[in-house]
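Basis for what follows: all heavy atoms, side chains included, without hydrogens, waters or symmetry-related copies. Whatever order the structure lists them in is the order used to number ligands and atoms, beginning at 1.
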Amino acid sequence: MITDIKGLHHVTSMAADANENNAFFTKTLGLRRVKKTVNFDAPEVYHLYYGDEIGTPGSVMTYFPFGRMPRGTRGVGEVGVTEFAVPKGSLGFWKDHLSGKGVTGLAEETAFGENRLSFDGPDGDGFALVESDPQGRTPWTGNGVSEEAGVFGFRGARFRLQDAAATGELLTYMGYQKAETEGDVTRYIVEGGNAADTIDLEQAPTAGAANQGAGSVHHIAFAVEDRAAQLRVREALMQTGYQVTPVIDRDYFWAIYFRTPGGVLFEIATNEPGFDRDEDTAHLGEALKLPTRYEPHRAKIEANLPEIAA
Ligand code: ZN
């Protein structure tokens with residue numbers, strides 16, 4: 001069994017409009033934009049990262065805003081809900097705040113003893129705020145949401161699957177422990193993690209398959225401490241028959257990817273070197289950062305990208 005996985009590292013989704021996306025995550029959810037770069041495989045598209053002050057692994061929501069992109073269709077074989085942890089007692093604030101900003105899909109629920117507020121992102125993304133203990137995490141308050149309500153980082157994610165069994169087995173192999181089941185949803189928790197430590201598997205055998213588009217999660221990344229741990233995980237996954245990519249340098253972490261039996265694309269990402277490797281903490285996310293190989297084309301790349309309001 002793998003013992004190096006510490007919870008979530010980041011969640012990467014697709015969006016239509018870059019400015020709408022940026023405004024939602026900074027001004028509405030109060031996260032900090034910690035990096036403005038491009039899709040390393042398609043530099044005509046931004047890659048925007050939002051998180052806590054320094055983009056601590058387990059807090060980082062990232063987007064590829066493709067511009068004119070049709071919305072995805074929700075269904076099985078995807079991450080259905082990305083869940084953020086917020087302080088206990090803050091959901092009243094959030095309900096007023098989100099509805100005041102015109103956010104749709106607001107619904108209060110309880111699951112696994114936790115109070116949740118579900119809502120839709122700007123492209124119909126499935127989100128929930130979950131009241132949680134801080135577990136050593138501090139919200140970013142630079143965008144006007146107070147420390148009493150600010151997002152700590154991720155709580156976890158809920159996958160929607162036609163058959164959850166094989167994904168449950170994989171999570172167990174990855175070091176998660178099966179916890180309770182409520183209705184069609186079974187919770188898995190990784191002990192000793194970074195607080196972004198739950199994965200809920202919702203089994204929906206009769207639902208249609210998801211179709212990816214704006215508002216869909218592209219992949220979900222799990223955190224490992226360093227490159228040595230990542231190689232151990234890669235070896236262990238390959239020994240059980242998973243097709244895992246070679247290690248890819250993403251400038252702010254190293255990444256490997258593999259497709260899981262339920263259809264969700266997994267990444268394993270390192271906590272090193274982090275988002276402050278090429279910018280001062282005080283100015284994270286302000287300047288357009290490019291991987292070295294694109295620097296010679298900076299002028300052309302910048303001219304092709306829409307301007308994003310601060
Ligand atoms: Zn990723």
Side-chain angles (χ1 to χ4, degrees), residues 4-15 18 21 25 31 33-43 45-52 54-66 69 72 77-84 121 123 125-127 153-154 156-157 159 170-171 174 190 193-194 196 199 212-227 229-231 233-234 237 242-260 262-278 284-285 289-291 294:
D4 285 301
I5 288 170
K6 302 300 178 193
L8 296 182
H9 186 286
H10 62 271
V11 177
T12 294
S13 293
M14 297 179 288
N21 183 260
F25 285 94
L31 303 183
R33 193 176 73 223
V34 294
K35 195 60 64 183
K36 181 166 76 169
T37 182
V38 293
N39 182 326
F40 285 13
D41 305 312
V45 176
Y46 276 120
H47 195 178
L48 303 176
Y49 290 75
Y50 311 99
D52 67 4
I54 58 163
T56 305
S59 79
V60 184
M61 184 78 218
T62 101
Y63 271 89
F64 300 128
F66 281 95
M69 180 189 223
E78 68 173 354
V79 177
V81 187
T82 302
E83 301 161 338
F84 296 97
D123 295 294
D125 324 50
F127 289 127
F154 293 120
F159 300 176
L170 169 62
L171 288 173
M174 287 169 63
V190 66
N194 61 12
I199 298 289
Q212 289 217 321
S216 303
V217 172
H218 182 268
H219 64 267
I220 184 164
F222 296 83
V224 291
E225 194 56 44
D226 53 28
R227 299 185 73 186
Q230 184 178 52
L231 290 177
V233 172
R234 184 171 186 272
L237 288 167
Y242 283 97
Q243 305 275 330
V244 187
T245 66
V247 176
I248 300 170
D249 183 356
R250 294 302 189 196
D251 277 8
Y252 310 104
F253 47 87
W254 282 273
I256 56 176
Y257 303 86
F258 63 106
R259 185 68 65 180
T260 65
V264 179
L265 181 61
F266 277 18
E267 175 183 341
I268 309 292
T270 58
N271 289 347
E272 57 174 0
F275 294 97
D276 55 358
R277 70 172 281 274
D278 60 358
L284 280 181
K289 292 294 176 183
L290 296 176
Y294 291 142

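- No other N/O/S atom of Glu267 lies as close to the Zn ion (ligand 1) as OE1 does.
- Taking backbone and side-chain atoms together, His219 has an N/O/S atom less than 2.8 Å away from the Zn ion (ligand 1).
- Looking at Asp4 and Arg227, no side-chain N of the basic residue comes within less than 4.0 Å of a carboxylate O on the acidic one, giving no salt bridge.
- A side-chain donor-acceptor contact under 3.5 Å links Asp125 and Tyr63.
- The main-chain N or O of Thr270 is never found under 3.5 Å from a side-chain atom of Asp226 such that the two would form a donor-acceptor pair.
- Gln230 places a side-chain N or O within donor-acceptor distance of the main-chain N or O of Trp254, the cut-off being under 3.5 Å.
- Taking backbone and side-chain atoms together, His9 has no N/O/S atom less than 2.8 Å away from the Zn ion (ligand 1).
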